[in-house]
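Proteins come first, then strands; the chains are lettered A, B, ... in the order of their sequence lines, and each starts at number 1.
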There are 2 protein chains.
Amino acid sequence: MKKPDQHRPTEAEMAILQILWETGPVSVRTVHETLYPTGDAGYTTTLKLMQIMVSKGLAKRNTEQRTHIYRANVQEKIAKQNLVTKLVNLAFKGSESQLVMQVLGNRNASPEELQQIKDMISLIESNQNNS
Amino acid sequence: MKKPDQHRPTEAEMAILQILWETGPVSVRTVHETLYPTGDAGYTTTLKLMQIMVSKGLAKRNTEQRTHIYRANVQEKIAKQNLVTKLVNLAFKGSESQLVMQVLGNRNASPEELQQIKDMISLIESNQNNS
DNA sequence: TCATAAATACGAAATGTTTCGTAGCAAATA
DNA sequence: TATTTGCTACGAAACATTTCGTATTTATGA
């Protein structure tokens, strides 16, 4: 059997999910205006995408009112991890640390960010020692 | 003016680029058999993709011999960084360190990998202090 | 009430990517 | 030489994703 692609949102779907995750349940109108403040796309484009997301199980909606209210139906972490995994398999031979090395090597992280990452590593290390 | 998407290979193109980067200039036949050892795709599929890659500037080819020899025409690091940037913008609000945190938090990196990353951070930090 | 505005539903066009079939030609070989 | 094999070229089919036009319905307010 094949792994369901349910947690691999497309690019456009991902942009919408971000908004659903951040702002909680909202209408299509709200998503649309957040996404295209300058009206770069038609309203029905956003509507259609969100309807597709419901049909794929990426979102749910409440249809009690005339204006339907949508919410995310996938976990933020899981969805993002799936995207990371896809990239890692595509470009880094499946090695996540290779991806991390590339990111660290290629860009100027601020001292604060580096400290954050070091703290994270310490945390993982202490967990490893406790198990 | 718009940023040329020249360094944003598609998924299939990326798979081919990996081979070009790893093995150097090769024929379509070689790429095809590396990619599909069990013949999961037709030869002309690979051929067509590689021709497209040339037209997009992702690859170059030597046509002196009857069997054309292809080589990558984008730098491995740059192409991969572009993919990373795309993901970071799509899912991590443009913050690469947020991506790193997600990767570290979600998966079991080995102690060796963690050490590698720590070394990398130290290196960056010492560079920051010297500038 | 009646016109306007705002929402959903839906099909289909537009776009991008991948896959493949066929034709034509050149090289190897029976 | 005649046949088969292997290569490129190219158009188009097959798919997936995104965008939009139109019809219909429901609410709003002049």
Side-chain angles (χ1 to χ4, degrees), chain A residues 2-19 25-36 38-71 79 82-83 86-87 90-91, chain B residues 2-19 25-36 38-71 79 82-83 86 90:
Chain A
K2 210 174 173 188
K3 189 194 314 181
D5 222 32
Q6 211 168 10
H7 296 296
R8 289 263 167 93
T10 68
E11 227 170 297
E13 288 166 350
M14 195 66 191
I16 291 171
L17 278 176
Q18 307 275 19
I19 294 169
V26 281
S27 66
V28 173
R29 174 74 45 194
T30 301
V31 168
H32 180 65
E33 286 175 356
T34 305
L35 217 46
Y36 306 103
T38 54
D40 286 346
Y43 172 81
T44 55
T45 298
T46 306
L47 171 64
K48 179 69 166 186
L49 274 171
M50 293 179 73
Q51 288 171 339
I52 290 172
M53 288 170 73
V54 169
S55 78
K56 285 186 183 177
L58 292 169
K60 286 196 170 179
R61 65 176 174 181
N62 182 324
T63 60
E64 278 165 20
Q65 303 303 124
R66 183 167 85 100
T67 301
H68 298 354
I69 299 299
Y70 290 71
R71 66 180 196 278
N82 278 324
L83 290 181
K86 185 175 160 190
L87 174 65
L90 188 63
Chain B
K2 209 172 169 189
K3 189 194 314 177
D5 220 34
Q6 210 170 13
H7 295 297
R8 287 259 165 96
T10 67
E11 226 171 295
E13 289 166 352
M14 195 65 192
I16 290 171
L17 278 176
Q18 305 276 19
I19 294 168
V26 281
S27 66
V28 173
R29 174 73 47 195
T30 301
V31 169
H32 181 66
E33 286 175 355
T34 306
L35 218 46
Y36 306 104
T38 53
D40 285 345
Y43 172 82
T44 55
T45 297
T46 306
L47 170 65
K48 180 70 166 184
L49 274 171
M50 294 178 73
Q51 288 171 338
I52 290 172
M53 288 170 73
V54 169
S55 77
K56 287 187 183 176
L58 291 170
K60 286 197 170 179
R61 66 177 175 181
N62 182 326
T63 59
E64 279 166 20
Q65 303 304 122
R66 184 168 83 100
T67 299
H68 297 356
I69 299 298
Y70 290 71
R71 67 179 194 281
N82 278 323
L83 290 181
K86 183 175 163 191
L90 189 62

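- For Gln18(A) (side chain) and Leu90(B) (main-chain N/O), a donor-acceptor pair under 3.5 Å exists by modelled atom type.
- The side chain of Arg29(A) approaches dA7(C) more closely than any other nucleotide in the set dC20(D), dC7(D), dA7(C).
- For the residue pair Ala91(A) and Leu83(B), the shortest heavy atom distance occurs at CB-CD1, 4.3 Å.
- The backbone N or O of Ala41(A) lies less than 3.5 Å from a partner atom in the side chain of His32(A), making a donor-acceptor pair.
- In this structure, Arg8(A) atom CZ and dA16(D) atom C1' are separated by 15 Å, rounded to whole Å.
- Heavy-atom minimum distance, Leu58(B) versus Leu17(B): O-CD2, 3.8 Å.
- Between Gln51(B) atom CD and dC7(D) atom P there is a gap of 13 Å when expressed in whole angstrom units.
- Atom P of nucleotide dA7(C) and atom CD1 of Ile69(A) are separated by 10 Å, given to the nearest angstrom.
- Distance CG/Leu47(A) to OG/Ser27(A): 11.0 Å, rounded to 0.5 Å.
- In the set dA7(C), dC7(D), dT18(D), dT18(D) carries the atom at the smallest distance from any side-chain atom of Ala12(A).
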Atom pairs, N/O to N/O, protein against nucleotides 24-26 of chain D, distance under 3.5 Å?
{"from": "dT26(D)", "atom 1": "O2", "to": "Arg66(A)", "atom 2": "NH1", "distance (Å)": "3.3"}

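- Base engagement by Thr45(B) is indicated by at least one non-hydrogen atom pair under 4.0 Å involving a base atom.
- One interatomic measurement links the two molecules: CG of Leu49(B) to P of dA14(D), which rounds to 18 Å at whole-angstrom precision.
- Residue Thr44(A) is in base contact, counting any heavy-atom pair closer than 4.0 Å across all strands shown.
- Side-chain contact between Lys86(B) and Asn82(B) is absent, with no heavy-atom pair separated by less than 4.5 Å.
- Of the listed nucleotides (dT19(C), dT8(C), dC20(C)), dT19(C) has the atom at the smallest distance from the side chain of Tyr36(B).
- One atom, NZ of Lys48(B), and another, C1' of dA14(D), lie 14 Å apart when rounded to the nearest Å.
- Phosphate contact (OP1/OP2 of dT19(C), side-chain N/O of Tyr43(B), threshold under 4.0 Å): absent.
- Rounded to whole Å, atom P of dA27(D) lies 9 Å from atom CD of Gln65(A).
- At whole-Å resolution of the value, CD in Glu11(B) and P in dC15(D) are 17 Å apart.
- Taking only side-chain nitrogens and oxygens, Thr10(B) comes nearer than 4.0 Å to OP1 or OP2 of dT18(C).
- Checking dC20(D), dA9(D), dC7(D) against every side-chain atom of Arg61(B), the shortest atom distance belongs to dA9(D).
- The interatomic distance linking Glu13(A) (CD) with dT19(D) (C1') rounds to 14 Å, in whole Å.
- The side-chain contact (heavy atoms from CB on, under 4.5 Å) with Arg61(A) is formed by just one residue from the set Val54(A), Ile69(A), Val28(A); it is Val54(A).
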